[in-house]
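As structure tokens, the structure follows; a few thoughts come after it.
Just so you know, these numbers use all the heavy atoms, side chains as well, and skip hydrogens, waters and symmetry mates. Just so we're on the same page: letters track the sequence lines, and every chain starts at 1.
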Protein chains: 2
Amino acid sequence: MKVTMKQIAKEANVSVATVSHVINGTKHITEDKYNKIMQIIHKYNYKPNSTAKNLRQQKTKTAGMVVSSFPDSFITEMVYGVEERAREMGYNLLLVNTNEDKNYEEETINLLHSKMVDGIILSPTSNDIEYLNAFTDEDFPIVLVNRYNNIVQHAPKVTGDNVQTGYDATMHLLQHGHKKIGMIYGVSNVSTTDERIEGYKKALQQYNLPFNDSYFELGHATVSGGAAAAKSLLSRHSDITALFIQNDLMTIGAISQIKDLLLKIPDDIALIGFGDFASSSIIDPPVTNIVLPPDTIGKTAFDVLLNKINNPDYTKHIELPPSLITRQSCGCK
Amino acid sequence: MKVTMKQIAKEANVSVATVSHVINGTKHITEDKYNKIMQIIHKYNYKPNSTAKNLRQQKTKTAGMVVSSFPDSFITEMVYGVEERAREMGYNLLLVNTNEDKNYEEETINLLHSKMVDGIILSPTSNDIEYLNAFTDEDFPIVLVNRYNNIVQHAPKVTGDNVQTGYDATMHLLQHGHKKIGMIYGVSNVSTTDERIEGYKKALQQYNLPFNDSYFELGHATVSGGAAAAKSLLSRHSDITALFIQNDLMTIGAISQIKDLLLKIPDDIALIGFGDFASSSIIDPPVTNIVLPPDTIGKTAFDVLLNKINNPDYTKHIELPPSLITRQSCGCK
DNA sequence: CAAAGTTGGTAAAACGATTAACCAAAAGGA
DNA sequence: TCCTTTTGGTTAATCGTTTTACCAACTTTG
């Protein structure tokens, strides 16, 4: 049977209040009483019941994190960053993966809210997140991470600078002389994709090249999805000489497809992927990626959540800059 | 301000008990009262406070999952399986990554226990888990997954058949004519490694080959750790013609190292990795892996946890069989 | 020595639900 | 009609803590 504070108190011949004070150091207790209580606590390996504590204190020292997909290494590392910072700060993390299911996302937020987490870090599945306003309006702390949306007024945001990401990747390919650049992405109607497209356009404009959205291809964010997207895109536009791919798994799939078509990377098709996934350097040829720092984004998001919890007025959009890791797939070196 | 049941009751001119009965369907309530209460609930978007509910019911419909590492794709997919099944069953999952820190693992179990999760699925960081007995002795449900240990008597276990895994991989290489087979692993003193070594020995025995543990190399379970381990092992034993590597990241690192040494895969060094990681088929040459089904292991583990929660006497060790996915790196085809 | 602090400790009211026990009124049965 | 059930609803205890308010006993201080 689970031992409670009442039983500790009884055995030590003191009130529960005294036991509580000993545990929390909220009042000075004479040494002999203190020692006796401590000894009994250790004897039973007693740990206060957090549920009761949470109920009384109206806070849980638990944060929720809701992400839209998991196998993706970018998200995994972001979660890892959040985890690490949460731990440092003495928080637990309730992690839920919605698997890009919008309805489940909303359900989850409701659930976490009723579980009394102190706040939520959310990487939403789409731009369609007005429902969040019901929460932010009552000052329930929600931080948007990675993907965001200005519909939600009072939520702070931590994201990568995706316009710059799209711009830098595209510019790099343009500078290598490419003029017909295809883009493959795995999710539509999210800020990350939209902004990278915006950056892509901006780069093209700078080179006075026309923009044509049939050079974009949406696929499933999986290895096979990447292969299918590459196949479809390359058969539609045989003039494409370079590809910018938004996701690690799709990059792997696209490369496999390109090899199947007996095309050479980078000579026939140059390629830039996204995110510094583990096998990048080992694939033939090694893959050039544009990266945003998932770990830093995660840690920052948790810091921002803490700020938001302590100060409901906190509203800020922190954007982290991308960097390019050049290897051979883009034609460098 | 957050609305409570009391306020709903007041506005509907009924007792809190009635509201509770409406919400939980625990008693029949006349239609007009029912409607009125429901309407007020929707008006405020009221959700019962789970902390209070948990406290009263002495259960949380939340399970804990504690894993020892995260970037590893095997673990990620296992977590994914647990997540999915937990969701199906209406449970939340409190996921914690100990990052192979034994002390933190123990702390975490304590923490989760006091958070009143209904049970824990644990992939322990080492064999050193006697501390768990304190929990299982008081019938707190803990399921060991992936790695296990018979020191903990009353915990059910869900693992891969790692003896078979080691045996099958080694046999496959032996059948290809290899006699000097190196093995690289990332964690010591865990059942997975120990059992795979056991399987390795068994296969060697069957071929009447001598066993020598200097053909084993322990490294960090990372890309660079894999590279370093391969370098050290191959320089120690230039006679090695095949490698069996226990972890996806290390496999990637080892391949990169082998290429740096200007050795050919599979001609100079044949290679079998572990786990069907995404880039296996795209790496040059495509990597043969022996795999255990992480998703099934995860789902099964959750089912077993549920069994354990409902029946404290449940103690069973479920072992899932491996399968070999042959590609070119082992010399096949 | 009386008044004023200080100190160590306790009683009891929260926190927000669930649920056993109870009760009046309505319905059913003899 | 009177007695028994059923129905719809309420009261109050309970879960295991924290924390405010209070109190007695002891110390200081003027």
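- The side chain of Gln58(A) contributes an N or O atom lying less than 4.0 Å from OP1 or OP2 of dG16(C).
- Across all strands, Asn54(A) comes closer than 4.0 Å to no nucleic acid atom at all (heavy-atom distances).
- Taking atom NZ on Lys53(B) and atom C1' on dG16(D), their separation rounds to 19 Å, with Å as the unit.
- Contact check on Glu84(B) versus Arg87(B) returns no salt bridge, with no Lys/Arg side-chain nitrogen under 4.0 Å from an Asp/Glu carboxylate oxygen.
- No more than 12 heavy atoms of other residues, nucleotides or ligands sit less than 6.0 Å from atom OH of Tyr34(B).
- With rounding to the nearest 0.5 angstrom, the NZ atom of Lys27(A) is 10.5 Å from the OG atom of Ser20(A).
- When heavy atoms are screened at a 4.0 angstrom cut-off, Ser15(B) is found touching base atoms of the nucleic acid.
- A residue-by-residue look at His28(B) and Ala52(B) shows that His28(B) has its nearest nucleotide of DNA chain D further toward the 5' end.
- Residue Asn49(A) places none of its side-chain N or O atoms closer than 4.0 Å to OP1 or OP2 of dC15(D).
- A straight line from CD of Gln7(B) to P of dC15(C) spans 10 Å, rounded to a whole angstrom.
- Note: CD1 (Ile37(B)) to P (dA17(C)) measures 14 Å, nearest angstrom.
- Of the candidates dT10(C), dG9(C), dT18(D), the closest approach to any side-chain atom of His21(A) belongs to dT10(C).
- For dG9(C), its base sits under 3.5 Å from the side chain of Lys27(A) at one donor and acceptor pair at least.
- Protein atom CG of Asp32(B) is 13 Å distant from nucleotide atom C1' of dG9(D), rounded to whole Å.
- The distance from atom CG of Leu55(B) to atom C1' of dA14(C) is 13 Å, rounded to the nearest whole Å.
- Note: CD1 (Ile23(B)) to C1' (dA17(C)) measures 9 Å, nearest angstrom.
- For the OP1/OP2 pair of dT18(C) and a distance below 4.0 Å, the side-chain nitrogens and oxygens of Ser20(B) include at least one atom meeting the criterion.
- By the 30° and 60° cut-offs, the orientation of the rings of Phe135(A) relative to His113(A) is perpendicular.
- Applying the 3.5 Å distance criterion, the base of dT18(D) shares a donor-acceptor pair with the side chain of Arg56(A).
- We find the CG-NZ distance between Leu305(A) and Lys308(A) to be 10.0 Å, quoted to the nearest 0.5 Å.
- Within 4.0 Å of Tyr46(A), counting heavy atoms only, lie sugar-phosphate atoms of the nucleic acid but no base atom.
- The distance between atom NZ of Lys33(A) and atom C1' of dA25(D), rounded to the nearest whole Å, is 13 Å.
- Between Gln57(A) and Val14(B), the residue whose closest nucleotide on DNA chain D is further toward the 5' end is Val14(B).
- With dG16(D), dG8(D), dA17(C) as the choices, the nucleotide that has an atom nearest any side-chain atom of Thr30(B) turns out to be dG8(D).
- Rounded to an integer number of Å, the gap from NZ of Lys6(B) to P of dT11(D) is 13 Å.
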